[in-house]
Number of protein chains: 2
Amino acid sequence: MTSSRERMVEAAFALFDEQGYDATTVEEIVERAGVSRSTFFRAFGSKEDVIFPRHDDLQARIAARLETGTPASYRVALREAAALVLAQYLDEDQLALSRYRLTRSVPALRDREIASMLGYQRLFREHARRWLAELGGPDVDLHAELLAASVVTAHNVVLRRWLRGETADPWHEFDDAMASVLAPDASGPAAQQGTTVVVLQDDRPVEEVVASVREALSRPASRRR
Amino acid sequence: MTSSRERMVEAAFALFDEQGYDATTVEEIVERAGVSRSTFFRAFGSKEDVIFPRHDDLQARIAARLETGTPASYRVALREAAALVLAQYLDEDQLALSRYRLTRSVPALRDREIASMLGYQRLFREHARRWLAELGGPDVDLHAELLAASVVTAHNVVLRRWLRGETADPWHEFDDAMASVLAPDASGPAAQQGTTVVVLQDDRPVEEVVASVREALSRPASRRR
DNA sequence: ACCGCGACGATACCGAGTTTCAGGGGCGAT
DNA sequence: ATCGCCCCTGAAACTCGGTATCGTCGCGGT
């Protein structure tokens, strides 16, 4: 005996696959699932929510994991909390792939997924802020924000690769991505670019630089450096 | 003679301030603005869009500036593109503050603003990907993504501080934030003596650009823009 | 049997957004 | 001046997501 909630999720994804998200009404979903409109909105609150059936659950597990972190081990806490998200998607498998197709094609759903990711990022940020505050350092707010954004972004890159079928070993890529973001001696993404800024002039007189600029502007744009 | 578009924006913000976003219907807005419902939806497409009246315009300006970037000068391009966003908010002033109050209290609008920020971030990411690809280096995708996320996040921290009235000099904080995310290590001697000249846009008269360069070189490095 | 409670269904209603049709006012061409 | 064209506007009907209300059924506890 499948629960009516499961039947609604199943019916919804099937109909979205068949005729698209916008073209599918809640009326059709509840009809196929054999329930009433009231039941649908009681269970999911909105038509969009049925796309992310286990969102609340995941958010709670992330919060729980972050709660156990300490300033001394905050990198591990962030890494494992991000791993919870990846594990959830890998576990959902077909559901995650269907959702990916939908979020690619329907802007409203894409925005919705982004918002939920930012929800996770908010959890990361708040905990990072506390940890970094205890550790001390300059501009804790900015650093915590950047840390959370980097972790979530790195996770998303790996997740998206898996969703596109571009990787066979997402966990390995996840470890690498987390290492490049959370490595103790790395100060941020800019420090790892391995690129150099081109210094065009150093101690030439100002007027000489100005002359170079004027000359450069008279050349075709494609040749400018 | 104010345009009907302006009157609608004005009426909408006034009503949102008075009675909140959800409690205000489009009917009331158009009534105060003296236009019809049809006109409203023709001009803005949705009730949410009226909150971000110049969004399309800003997005276009960001894209235009990023187009002028080169691999050698990508940090400056990113920095100045981000500066466009901050400048837009500072310019809107009261409108930006009203919007901030709304986005804090109405989840739907918060999601909407996040989505538009991510729209900017997407522009940053795509251009960063191209630039980093030309420069070479490991995992261009990941680093382009992290770079874009870091720039946007750093910008948002400064913007939010200004919106909360926590800073009197947002441009100074912006410079610092961008430096901590974009600048190569500034402790080397080359960074102290060097002068980097980057021409981003060339639709201004040559002499005007030259004048800007001369003037900029006479100012302290941290204040250049 | 009685009660409480939680899940479900039916209905009415609100408001956002779309579609369609009907003016109406500039504006250049003849 | 008149005609035709086009763009902007208004009016009204319609779809559909989401909310609120109320009645019903099942089920365990007493």
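We name chains A, B, ... by the order of the sequence lines, and we start the count at 1 in each one.
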Chemist: State yes or no: are the ring centers of B:Phe44 and B:His55 separated by less than 6.0 Å?
Modeler: no
Chemist: Can you tell me how far CG of A:Leu182 sits from CG of A:Asp175, rounded to the nearest 0.5 angstrom?
Modeler: 11.0 Å
Chemist: Which one, D:dG17, C:dA16, D:dG10, comes nearest to the side chain of B:Phe41?
Modeler: C:dA16
Chemist: Which distance, rounded to the nearest 0.5 Å, do you find between the CD of B:Glu48 and the OH of B:Tyr21?
Modeler: 4.5 Å
Chemist: Tell me the interatomic distance from B:Leu15, atom CG, to C:dG15, atom C1', rounded to whole angstroms.
Modeler: 16 Å
Chemist: Find the distance B:Phe40:CZ to D:dC8:P and express it as a whole number of Å.
Modeler: 18 Å
Chemist: Closest nucleotide of DNA chain D for B:Thr39 versus for A:Ser46: which of these residues is on the 5' side?
Modeler: B:Thr39
Chemist: Is the positively charged end of A:Arg130 above the ring of A:Tyr74, judged by distance under 6.0 angstrom from the centroid and angle within 45° of the axis?
Modeler: no
Chemist: Flag the pair B:Asp91 and B:Arg61 as a salt bridge only when some basic side-chain nitrogen lies within less than 4.0 angstrom of an acidic carboxylate oxygen.
Modeler: no
Chemist: Can you tell me which nucleotide in C:dA16, D:dG17, C:dG9 comes closest to the side chain of A:Ser36?
Modeler: C:dG9
Chemist: In whole Å, I'd like the distance from the CG atom of A:Asp49 to the C1' atom of D:dG17.
Modeler: 12 Å
Chemist: A:Glu31 has an atom CD; how far is it from atom P of C:dG9, in whole Å?
Modeler: 13 Å
Chemist: May I ask you to verify whether the side chain of B:Ser38 and the base of D:dA11 hold a donor-acceptor pair under 3.5 Å?
Modeler: yes
Chemist: Rounded off to whole Å, could you give me the CD-to-C1' distance for the B:Glu27 and D:dA13 pair?
Modeler: 14 Å
Chemist: Can you see if the side chain of B:Ser4 gets near the phosphate of D:dT9 - specifically, an N or O under 4.0 Å from OP1 or OP2?
Modeler: yes
Chemist: Counting only distance, no hydrogens or angles, is the base of C:dG9 paired donor-acceptor with the side chain of A:Arg42 under 3.5 Å?
Modeler: yes
Chemist: Could you check how far CZ of A:Phe16 sits from P of D:dG17, rounded to whole Å?
Modeler: 9 Å
Chemist: Taking atom P of D:dT15 as reference, at what distance in whole Å does atom CG of A:Asp22 sit?
Modeler: 17 Å
Chemist: Write down the distance between CZ (B:Phe44) and P (C:dG17), rounded to a whole number of angstrom.
Modeler: 13 Å
Chemist: When only distance counts, do a donor and an acceptor, one from the side chain of B:Arg37 and one from the base of C:dG17, lie under 3.5 Å apart?
Modeler: yes
